[in-house]
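Below: one structure, written as C-alpha cells.
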Amino acid sequence: MKKISQHGQWSSRLAFILAATGSAVGLGNIWKFPYITGENGGGAFVLVYLLCIFAIGIPIMMAEIMIGRRGRQSPINTMRDLAKEVGASGAWKWLGWLGVIAGFLILSYYSVIAGWAMAYVVRVGSGVFEGATADGVSNIFGQFVADPEKLLAWHSLFMVITMLVVARGVKGLERAVKFLMPALLVLLVLLVGYAIDQGAFKEAVSFLFSADFSKITSDGILIAMGHAFFTLSLGMGAIMVYGSYLPSNVSIGSTAVIIALADTAVALLAGLAIFPIVFANGLEPGSGPGLIFQTLPIAFGHMAYGSFFGTLFFILLVFAAWSSSISLIEPAVAWLVENKKMSRMRACIWSGLVTWIVGIGTVLSFNITSNIKIFDKTFFDVLDYLTANIMLPLAGLCIALFAGWVMTKESAEEELDFKQLYLFKTWLFLVKFVSPVAVVIVFLKAINVI
Ligand code: PHE
C-alpha cells in the first residue's frame, strides 16, 4: 500500500528537481567549493571531489530519496518504521536524529555566512567597492567580520526569513525556486563570461583541472568526500524529507542524476567565475572562508555596471542559501509536527530559536573568540569540520548500508523502479559495497590508520 505524507506533496517532478537542486546548490557551491579547492591545491582535489560525487554521492542520493518516499514521514520516523517493517532494530531511528542534529549545526553557521552575503548586497549596491583595490576590499571584509553586532543582526534576519518560509510549508518555496534557480545559473554564466574576458582564465582552468597529486593530503581527500556529501545535501535527511513529498510516479534514478549534475555544474562554474579574478589580481586562492567576499567585489568594483551585477550576484547567493537553509531545518520541523503535535508555526519558532542561539557561537568565532581554538580550529571551523567531514559521511554510510543490506531488495527495487534491471543491480552494488568501503577507507586514511 502506498503511503502519503501528512505534510503534502510536490506538484510535479520539476518542482521536486528545483527544490532538491535548490537545497543542493547553495553556499557550498559558490562560497565553500572555491575556497576549499584553493586551500587544497586545485585540480587533484577537484578530481577526488568529482569521483566522490559519482561513485558515492549519486547512489546515496537515490537511496535517500527512495527511503524518504517509502517512509513518507520525517527522517526519524521514516527510519524507525522502515526498520520495523523488516524486523530490524528500532535503533535505526538514531540515524534520523544524527541528521536532525547535523542540520541544526550546519544551519547555525550557514545562516551567519548567508548573513554576510546579505550584508554584501547592501555594500556592493551602495558602491563602496567601486574602484577599490584588493587591499581595500580585504579591509572592508576584515572590519565587517570583526563586528559581532553586525554579524548577529544579519544572522538573525536570515534565520527569520528562513523560518518564515518553512512555517508556510514547502509550497511557497516551490514557487520561489522556479524562478531563482534558472536566474542564478544565468548570472553565473554571465560572470564566467566576464572572467574569461577580464581575468586570468587560462591560469584558473589549469588550477582547477590539472591534477597534481603531490598537493593533496589524506585530510584533503576527506574534505573532498565530505564536501560531496555537503554539496548534495546528503546524510542529514534533507533530501530524504524532500523525497517524502515526491509523487509516487516519478522515477528516482534519472531525477537524482539531474540534481547532482546541476549541482556539480554550478560548483564548477563558480570556480571558473572566481579563480580567474583571483589570479588576475594576484590574490591568494587558499585564503579561506573570506575568499568570495574579498575577490568578487574587486571585479565588481572595476567592471561596467559592476555594482549592479554585484548586487544581483549577492542577492542570488542569498537566495541560493535560502533555498538550502529551508531544507536544513525541514526534517526537525516535520518531526516536531508529527511527534509533538505542534503547529508548523510553533515548530518553526522552537527549532529556529535553538539554531539561532548556536549560531551566536559562530558569530563570535570570527572576532571575540577567534583566539579560542580546539585542535587549532575556531568554533566555526570545528562545526564545519565535524558536520561536513564526519557527521554527513557517517550518516551517508549508514544510509547506504540501510538501503543495501537492511531493506528488502524487493522494496528497494519497487520504489526505485528502474527501467532496466542492470541499472538497479549497479545501484545495489554501489550502495552495498562501493560507497561504504570508500567512506570507511577515507575515514581510516584521515586518521592515519592506513
Ligand atoms: N547543499 C548545501 C550547499 O551546498 C548545504 C546543505 C547541506 C543543505 C546539507 C542541506 C543539507 O550549500
Side-chain angles (χ1 to χ4, degrees), residues 16-37 49 52-53 57-58 60-61 64-65 68 74-75 96 98-117 158 162 165-166 170 173 177 180-181 184 188 223-244 256 259-271 289 292 316-334 351 355 383-396 399:
F16 172 73
I17 292 181
L18 291 173
T21 309
S23 167
V25 171
L27 295 175
N29 305 61
I30 302 166
W31 160 73
K32 193 173 177 192
F33 174 71
Y35 89 76
I36 56 177
T37 301
Y49 156 78
C52 292
I53 293 276
I58 292 181
I60 293 184
M61 179 180 273
E64 263 203 44
I65 301 173
S74 70
L98 182 63
V100 166
I101 293 165
F104 272 117
L105 297 179
I106 294 174
L107 184 55
S108 76
Y109 71 79
Y110 206 83
S111 164
V112 176
I113 310 295
W116 296 2
F158 187 79
T162 296
V165 175
V166 183
V170 284
L173 171 70
V177 291
L180 292 169
M181 291 299 120
L184 179 72
L188 260 178
I223 293 171
M225 181 181 76
H227 188 63
F229 281 95
F230 185 85
T231 191
L232 295 178
S233 304
L234 298 177
M236 57 118 328
I239 291 295
M240 197 184 285
V241 83
Y242 274 14
S244 75
I259 297 163
L261 288 181
D263 182 75
T264 308
V266 173
L268 294 177
L269 281 176
I292 171 176
L316 285 163
L317 184 58
V318 172
F319 283 135
W322 198 359
S323 58
S324 298
S325 59
I326 289 156
S327 70
L328 279 162
I329 202 78
E330 179 66 23
V333 171
S351 50
T355 318
L383 275 192
D384 175 38
Y385 196 90
L386 180 73
T387 52
N389 302 341
I390 298 169
M391 293 172 87
L392 299 188
L394 189 67
I399 287 166

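As the structure lists them, so they are numbered: ligands from 1, and atoms in each ligand from 1. All heavy atoms count here, side chains included; hydrogens, waters and symmetry mates do not.
- The backbone N or O of A260 sits less than 3.5 Å from a side-chain atom of T264, completing a donor-acceptor pair.
- Contact annotation: for M236 versus ligand 1, heavy atoms closer than 4.0 Å belong to the side chain alone.
- For T21, the side chain to side chain contact (heavy atoms under 4.5 Å, CB included) partners two or more places apart in sequence, or in a different chain, are I17, V25, I259, A262.
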Checking side-chain contact (heavy atoms from CB on, under 4.5 Å) for the pair I106/L392: CA distance, chi angles, key distance, verdict? CA-CA 10 Å; I106 294 174; L392 299 188; 4.1 Å; yes

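- Residue L234 has no N or O atom closer than 3.5 Å to an N or O atom of ligand 1.
- Residue-ligand proximity, S23 to ligand 1, at heavy-atom distances under 4.0 Å covers atoms 1 (N), 2 (C), 8 (C), 10 (C).
- Every atom of ligand 1 with a heavy atom of L27 under 4.0 Å away is listed here by number and element: 12 (O).
- Under the 4.5 Å side-chain criterion, counting only non-hydrogen atoms from C-beta, Y109 is not in contact with L105.
- For a threshold of 3.5 Å applied to N or O pairs, the pair formed by G28 and ligand 1 contains at least one separation below that value.
- Those atoms of ligand 1 with a heavy atom of S327 less than 4.0 angstrom away are 10 (C).
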Does L383 form a side-chain contact (heavy atoms from CB on, under 4.5 Å) with S108? I'd like the steps, not just the answer. CA-CA 9 Å; L383 275 192; S108 76; 3.6 Å; yes

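- For the pair L328 and F104, the minimum side-chain heavy-atom distance is 4.5 Å or more.
- The shortest N or O to N or O distance between V25 and ligand 1 is not below 3.5 Å.
- Ligand 1 is never approached by F229 to a heavy-atom distance shorter than 4.0 Å.
- Every atom of ligand 1 is numbered from 1 in the order shown, and the set under 4.0 Å from a heavy atom of A24 is 1 (N), 2 (C), 3 (C), 4 (O).
- Those atoms of ligand 1 that come under 4.0 Å of a heavy atom in T231, given as number and element, are 1 (N), 4 (O).
- The aromatic rings of Y49 and F33 sit tilted relative to each other, their planes meeting at an angle between 30° and 60°.
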What donor-acceptor contacts under 3.5 angstrom involve side-chain atoms of residues 231-244, with partners at least two apart or in another chain?
from	atom 1	to	atom 2	distance (Å)
T231	OG1	N29	OD1	3.4
T231	OG1	D263	OD1	3.3
T231	OG1	D263	OD2	2.8
S233	OG	S23	O	3.1
S233	OG	S23	OG	2.8
S244	OG	V241	O	2.6

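- At the top of the distance list for atom 8 (C) of ligand 1, counting protein heavy atoms only, stands S233 OG, 3.3 Å.
- When only non-hydrogen protein atoms are considered, atom 5 (C) of ligand 1 lies nearest to F230 O, 3.6 Å.
- Counting heavy atoms under 4.0 Å from ligand 1, residue Y110 touches it through the side chain alone.
- When all heavy atoms of I36 and I223 are compared, the closest pair comes out as CD1-CG2, 4.0 Å.
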